[in-house]
Amino acid sequence: MSSITGVSVGDELSDPSGAPNSGAGASTGTKGDRVFGGLAMGAGLLVVAIVSLVAIFLLVQAVPAIGKDKVNFLTSREFTSSELRFGIVQLLWTTVTSSLVALVLAVPFAIGIALFLTHYAPPWFSRIGAALIDLLAAVPSIVYGLWGFYIVAPKFVHVQDALNSVLGWIPLFGKVDTVTGGATIMMVGVVLAIMILPIITALSREVFAQTPVTHKEGALALGATRWEMIRTAVLPFGRPGVISASMLGLGRALGETIAVLFILSALPGTPKWTWSLFNGGSTFASQIASDAPNDQNDANSMGALIAAGLVLFVLTFLVNAIARVIIERRKEFSE
């Protein structure tokens, strides 16, 4: 069939060589596509290579030091890198519990704030509120540490005493006589919760805002209230994103250094083991930051600190891996 101009439809859909032409701009084999694809692949491989090199470095430096450890690396509560007596039990407990306290406190507030900004607040207030919450992420961690130690900790003593008087029969809230002033694992968890709040809130807010309008309007059309619409449409849709945001915040809390170093009181000597959140101690990151200036000229002592860093690296990796598994299972279940 020919057109009015005498050019056949077949001529329009094929190039001079006879190959079909899918239309201008639709080709995926151009030089620009290949360059962009190569750059994207290179960036991905570079990240994998950097992480692998960091892991190899930690292993190479940590294994010899662990071999010279004078106490059991996995079960001892001592950590004196200069004497090669370093165990991770106390550091692991303090790191994990303070981060979990932060997560338990931050996630409900973050979800509530995100839902308020996306479904309740007027647009002008939502923009202002989102900007103010995001500003919390711009505050340096040393400011949080100074604020927590000098302002909050002395006042937090009364909160801890109240919790101890009501829930003291639970080991987690037992009183520790050797730690005073409010600088405890619980106090660190409160400060870390404020630090990770903007991360979880920002990501949750973006996920909730992406909920399909048809889902929300369908729930409202069936007679659901606004809260019922959020519970049946918004929260199920945003659950994988909230989990991802929470795990990102948990990773941030696990690696926080300066704020924890300022707030957390050191354990006096080798005290009796306690499960209480009102105890002091050090996290992996704060212990490394505290000892590194004194041990930088001693290869064995630095090896002990690098061994602690290796455990923190593995812990963070496991957190992200667990989050990925949870998210994938949620997607499979929803499909």
Side-chain angles (χ1 to χ4, degrees), residues 96-139 144 152 159 163 166-167 172 186 188-254 256 277 316 318-335:
V96 172
T97 51
S98 61
S99 300
L100 290 179
V101 168
L103 197 65
V104 169
L105 294 176
V107 170
F109 281 100
I111 295 175
I113 294 170
L115 290 174
F116 173 74
L117 293 178
T118 54
H119 292 87
Y120 288 93
W124 65 269
F125 186 85
S126 178
R127 290 191 295 269
I128 296 175
L132 292 176
I133 293 296
D134 292 342
L135 280 177
L136 290 175
V139 178
Y144 281 112
V152 181
V159 177
L163 288 173
V166 176
L167 302 174
L172 284 176
M186 174 68 82
V188 169
V190 172
V191 175
L192 289 178
I194 299 174
M195 296 180 69
I196 66 177
L197 181 66
I199 300 174
I200 303 176
T201 302
L203 295 178
S204 300
R205 187 179 70 241
E206 294 299 323
V207 173
F208 292 152
Q210 297 301 319
T211 305
V213 177
T214 54
H215 292 187
K216 296 187 290 186
E217 291 181 347
L220 294 173
L222 291 174
T225 62
R226 181 179 297 185
W227 162 241
E228 289 172 338
M229 178 271 292
I230 291 174
R231 182 171 56 86
T232 58
V234 177
L235 290 178
F237 178 83
R239 188 178 292 113
V242 173
I243 294 174
S244 298
S246 301
M247 292 302 102
L248 185 62
L250 179 59
R252 170 77 171 83
L254 288 172
E256 176 53 40
L277 296 176
T316 307
L318 289 176
V319 167
N320 288 288
I322 293 172
R324 178 59 57 187
V325 171
I326 294 174
I327 293 170
E328 292 299 328
R329 288 186 176 179
R330 290 287 183 184
K331 289 181 179 179
E332 293 177 1
F333 178 77
S334 61
E335 293 174 357

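Quantities reported herein were computed from a predicted structural model and do not represent experimental measurements. If you read the sequence from its start, that first residue is 1, and numbering goes on from there.
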| field | Partner set under side chain to side chain contact (heavy atoms under 4.5 Å, CB included) for Leu132, not counting sequence neighbours | value | Ile128, Leu135

| query | Do any N or O atoms from the side chain of Ser246 and from the backbone of Val242 form a donor-acceptor pair under 3.5 angstrom? | reply | yes

| message | Applying salt bridge (charged side-chain N to carboxylate O under 4.0 Å, His left out) as the test, list every pair that has at least one member in residues 197-214; sequence neighbours left out. | response | Asp134-Arg205

| Taking the side chain as C-beta and beyond, is there a heavy-atom pair between Val152 and Val191 under 4.5 Å? | no

| query | Among pairs that include at least one residue of residues 215-224, which meet salt bridge (charged side-chain N to carboxylate O under 4.0 Å, His left out), considering only residues two or more places apart or in two chains? | reply | none

| note | In short, ring pair (Phe, Tyr, Trp, His ring centres under 6.0 Å) pairs touching residues 99-124 with sequence neighbours left out are Phe116-Phe125

| field | Euclidean distance, Thr211 OG1 relative to Leu235 CG, rounded to 0.5 Å | value | 8.5 Å

| query | Once you round to the nearest 0.5 Å, how far does CG of Leu117 lie from CD1 of Ile133? | reply | 7.0 Å

| Separation between CZ of Phe237 and CZ of Arg239, rounded to the nearest 0.5 Å | 12.0 Å

| query | Which atom names give the shortest non-hydrogen contact between Ser99 and Leu250, and what distance separates them? | reply | CB-CD1, 3.6 Å

| Do the non-hydrogen side-chain atoms of Phe208 and Ile230 ever get within less than 4.5 Å of each other? | no

| remark: The reported gap from CG in Leu222 to CE in Met229 (rounded to nearest 0.5 angstrom) is 12.5 Å

| task | Can you run down the salt bridge (charged side-chain N to carboxylate O under 4.0 Å, His left out) pairs that involve residues 223-237, sequence neighbours left out, and say none if there aren't any? | result | none

Which pairs of donor and acceptor atoms, one on a side chain in residues 193-202, lie under 3.5 Å apart (sequence neighbours left out)?
from: Thr201; atom 1: OG1; to: Leu197; atom 2: O; distance (Å): 2.7

| request: List for me each residue that meets side chain to side chain contact (heavy atoms under 4.5 Å, CB included) alongside Val96, sequence neighbours excluded, and say none if there are none. | output: Leu92, Leu100, Leu315

| Counterpart residues, side chain to side chain contact (heavy atoms under 4.5 Å, CB included), relative to Ala233 (two or more places apart) | His215

| request: State which residues pass side chain to side chain contact (heavy atoms under 4.5 Å, CB included) with Val207; sequence neighbours excluded, sorted by chain then number. | output: none

| message | Can you tell me how far apart CE (Met186) and OG (Ser98) are? Round to the nearest 0.5 Å. | response | 11.0 Å

| note | Taken to the nearest 0.5 Å, the spacing of Thr232 OG1 from Leu220 CG works out to 8.5 Å

| Got Leu192 and Arg252 here, is their nearest side-chain heavy-atom distance under 4.5 Å? | no

